[in-house]
Amino acid sequence: MNRPVKLLSVGALTLDTILRVETLPDHQGKFIASDGVQIAAGMATSAACAAHRLGADVSLWASAGDDSVGDQLIAGIEAEGVDCSFVRRVSGARSALAAILVDAHGERIIVPFYDSQAQVDPEALPAADLSAFDAVLVDVRWPGAAALALEAARAIGRPAILDADTAPRDVLELLLPLASHVVASEPAARILCGAELDPRQACEALARRGDAFVAVTGGAAGTWWFDRATGSLRHVAAPKIKAVDTLAAGDVFHGAFAVGLAEAMPVEQALRFASAAAALKCLRFGGRLGAPGRAETLAMVAVTWPV
């Protein structure tokens, strides 16, 4: 392909306050952070920024209030090179916020706030059709928009990718059958398939529910995916790293996977590309700010899976 692939990323746009602490609190009190940043982020937004760093042209379809926070969010994401012309501004609504603590081992606690007024379902897609895009990626935070985008993308034969993460079961059940590609986190897989199933079993269970490509991510344990050509479960190991910050690793994974599919990479190659990008992100504090560029991601792929 002579041009960069074009992606549409649909979903969350939040103002994240990220604070680094030695340990995550298990009681009330005051805790002093050793580092901190405040950035525009959210699942779809972080994926969009990651995909752009990996070489894609990316547009974000999200919803924000008409407040000063919304202005700050859009300015921050446009500075990353992501097109925000599709971002909806809702009069009188408050833009989304998230407070996040990250500990010395890279684990985190996330407390988001979404104003229901800003999350009202859209009436239509932001463009007449999505044929200009090579792939569409949606998260679970703006379900009405996600459903419209998945249906439209699949109708014209574009990869319609669902980042299935923690959400109410009815939201996951709404979006799951609309996607051509489902990449679920372990928590989402448990919501859908039952807490007693491990990621391998959950991946097989999800694959039996439809004809979509299905994968379940397990962080450092790697990713399981169902190979419909052979009717078998397969596994992609995660690169071995010492995590500093796992915040946005899943978003980076999904953004990179969408780039891989848009570039027509074989699915296992796309999963390796995504795993490498997510691992590199985990080496850096600051959520999506740690998303890698294309050259270092390809170098990690070459080192982890040598030919």
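Counting only residues at least two apart or on different chains, no ring pair (Phe, Tyr, Trp, His ring centres under 6.0 Å) pair has a member in residues 80-100. Here side chain to side chain donor-acceptor pair (under 3.5 Å) pairs that include residues 295-307, with residues two or more places apart or in two chains, are R284-E296. Residue pairs meeting the salt bridge (Lys or Arg N to Asp or Glu O under 4.0 Å) criterion with at least one member in residues 18-43, sequence neighbours excluded, do not occur.
With sequence neighbours left out, D245 forms a salt bridge (Lys or Arg N to Asp or Glu O under 4.0 Å) with K281. With sequence neighbours excluded, the residues satisfying side chain to side chain contact (heavy atoms under 4.5 Å, CB included) with T17 are L19, Q38. Listed by chain and residue number, R169, R209 satisfy the salt bridge (Lys or Arg N to Asp or Glu O under 4.0 Å) test with E173 (two or more places apart in sequence, or in another chain). Evaluation of the salt bridge (Lys or Arg N to Asp or Glu O under 4.0 Å) rule for R190 yields E186 as partners, not counting sequence neighbours. For R228, the side chain to side chain contact (heavy atoms under 4.5 Å, CB included) partners at least two apart in sequence or on another chain are A207, V214, F226. Scanning for side chain to side chain donor-acceptor pair (under 3.5 Å) contacts around D211 gives R154, with sequence neighbours left out.
In terms of heavy atoms, A167 sits closest to L172 at O-CD1, 3.9 Å. Considering every non-hydrogen atom in both V10 and A146, the closest pair reads CG1-N, 4.1 Å. Minimum heavy-atom separation, V21 to I32: CG1-O, 4.3 Å. L54 approaches P292 most closely through the heavy-atom pair CD2-O, 3.8 Å. Nearest approach of I241 to C282, heavy atoms of both residues: CD1-CB, 3.7 Å. The two residues G286 and I39 come nearest to each other via the heavy atoms O-CD1, 3.6 Å.
Rounded to the nearest 0.5 angstrom, E268 CD and R234 CZ are separated by 4.0 Å. Note: L60 CG to L7 CG = 11.5 Å, rounded to the nearest 0.5 Å. The structure places CD of E204 at 9.0 Å from CG of D198, a figure rounded to the nearest 0.5 Å. Atom CZ of R158 and atom CD1 of I156 lie 4.5 Å apart (nearest 0.5 Å). Rounding to the nearest 0.5 Å places OG1 of T14 at 10.5 Å from CE of M43. Taking NZ of K242 as the reference point, atom NE2 of H105 lies at 7.0 Å (rounded to 0.5 Å).
Counting only distance, with no hydrogens or angles, the side chain of T246 and the backbone of G106 share a donor-acceptor pair below 3.5 Å. S180 places a side-chain N or O within donor-acceptor distance of the main-chain N or O of A160, the cut-off being under 3.5 Å. At least one donor-acceptor pair under 3.5 Å links the side chain of S63 to the backbone N or O of A118. Q119 places a side-chain N or O within donor-acceptor distance of the main-chain N or O of R141, the cut-off being under 3.5 Å. At distances below 3.5 Å, not a single donor-acceptor pair connects side-chain atoms of H181 with backbone N or O atoms of L137.
No continuous path of ILVMFWY side-chain contacts below 4.5 Å connects W224 to I191, so the two sit in separate hydrophobic clusters. Under the 4.5 Å side-chain heavy-atom criterion for grouping Ile, Leu, Val, Met, Phe, Trp and Tyr, V87 is not connected to W61 through any hydrophobic cluster. Under the 4.5 Å side-chain heavy-atom criterion for grouping Ile, Leu, Val, Met, Phe, Trp and Tyr, L148 is connected to V136 within one hydrophobic cluster. By the rule that hydrophobic residues join a cluster once side-chain heavy atoms approach within less than 4.5 Å of another member, V236 and L280 end up as members of separate clusters. Residues L206 and L178 share a single hydrophobic cluster, defined by chaining ILVMFWY side chains whose heavy atoms lie under 4.5 Å apart.
Defined by atom type and a distance below 3.5 Å, a donor-acceptor pair is missing between the side-chain atoms of D227 and S232.
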Only distances under 3.5 Å count here; give the side-chain donor-acceptor pairs of residues 65-81 to other protein atoms, sequence neighbours excluded, each with its distance to 0.1 Å.
| unit_1 | atom_1 | unit_2 | atom_2 | d |
| --- | --- | --- | --- | --- |
| D66 | OD1 | G92 | N | 3.1 |
| D66 | OD2 | G92 | N | 3.4 |
| D67 | OD1 | G70 | N | 2.9 |
| D67 | OD1 | S95 | OG | 2.7 |
| D67 | OD2 | S95 | N | 2.9 |
| D71 | OD1 | R89 | NH1 | 3.2 |
| D71 | OD1 | R89 | NH2 | 2.9 |
| E80 | OE2 | R53 | NH2 | 3.4 |
| E80 | OE2 | R288 | NH1 | 3.0 |

Extract all donor-acceptor atom pairs below 3.5 Å that involve side chains of residues 250-259 and protein atoms in other chains or at least two apart in sequence.
| unit_1 | atom_1 | unit_2 | atom_2 | d |
| --- | --- | --- | --- | --- |
| H254 | ND1 | G250 | O | 2.6 |
| H254 | NE2 | D163 | OD1 | 3.2 |
| H254 | NE2 | V183 | O | 3.1 |

Would you list the atom pairs, donor with acceptor, under 3.5 Å between side chains in residues 121-131 and any protein atom, with sequence neighbours excluded?
| unit_1 | atom_1 | unit_2 | atom_2 | d |
| --- | --- | --- | --- | --- |
| D129 | OD1 | S131 | N | 2.8 |
| D129 | OD1 | S131 | OG | 2.4 |

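W142 is not listed as a side-chain neighbour of Y114, based on a closest heavy-atom distance of 4.5 Å or more. Proximity of F273 to E263: side-chain heavy atoms (C-beta onward) are nowhere separated by under 4.5 Å. P159 is not listed as a side-chain neighbour of F213, based on a closest heavy-atom distance of 4.5 Å or more. With contacts defined as side-chain heavy-atom distances shorter than 4.5 Å, the pair R3/D134 qualifies. L175 has its side chain within reach of L150: a pair of non-hydrogen atoms, C-beta onward, lies under 4.5 Å apart. Looking only at side-chain heavy atoms (C-beta outward), S275 and P239 come within less than 4.5 Å of each other. Residues T23 and F31 have side chains not in contact (no heavy-atom distance under 4.5 Å, counting atoms from C-beta outward). No side-chain heavy atom of D16 sits less than 4.5 Å from a side-chain heavy atom of I110.
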ask   = Would D139 and D165 satisfy side-chain contact (heavy atoms from CB on, under 4.5 Å), going step by step from the backbone distance to the final call?
value = CA-CA 8 Å; D139 69 26; D165 201 2; over 6 Å; no
(request) Determine, step by step, whether I109 and D103 satisfy the side-chain contact (heavy atoms from CB on, under 4.5 Å) criterion, reporting the C-alpha distance in whole Å, the side-chain angles of both residues, the deciding distance to 0.1 Å, and the verdict. (result) CA-CA 9 Å; I109 291 175; D103 72 10; over 6 Å; no
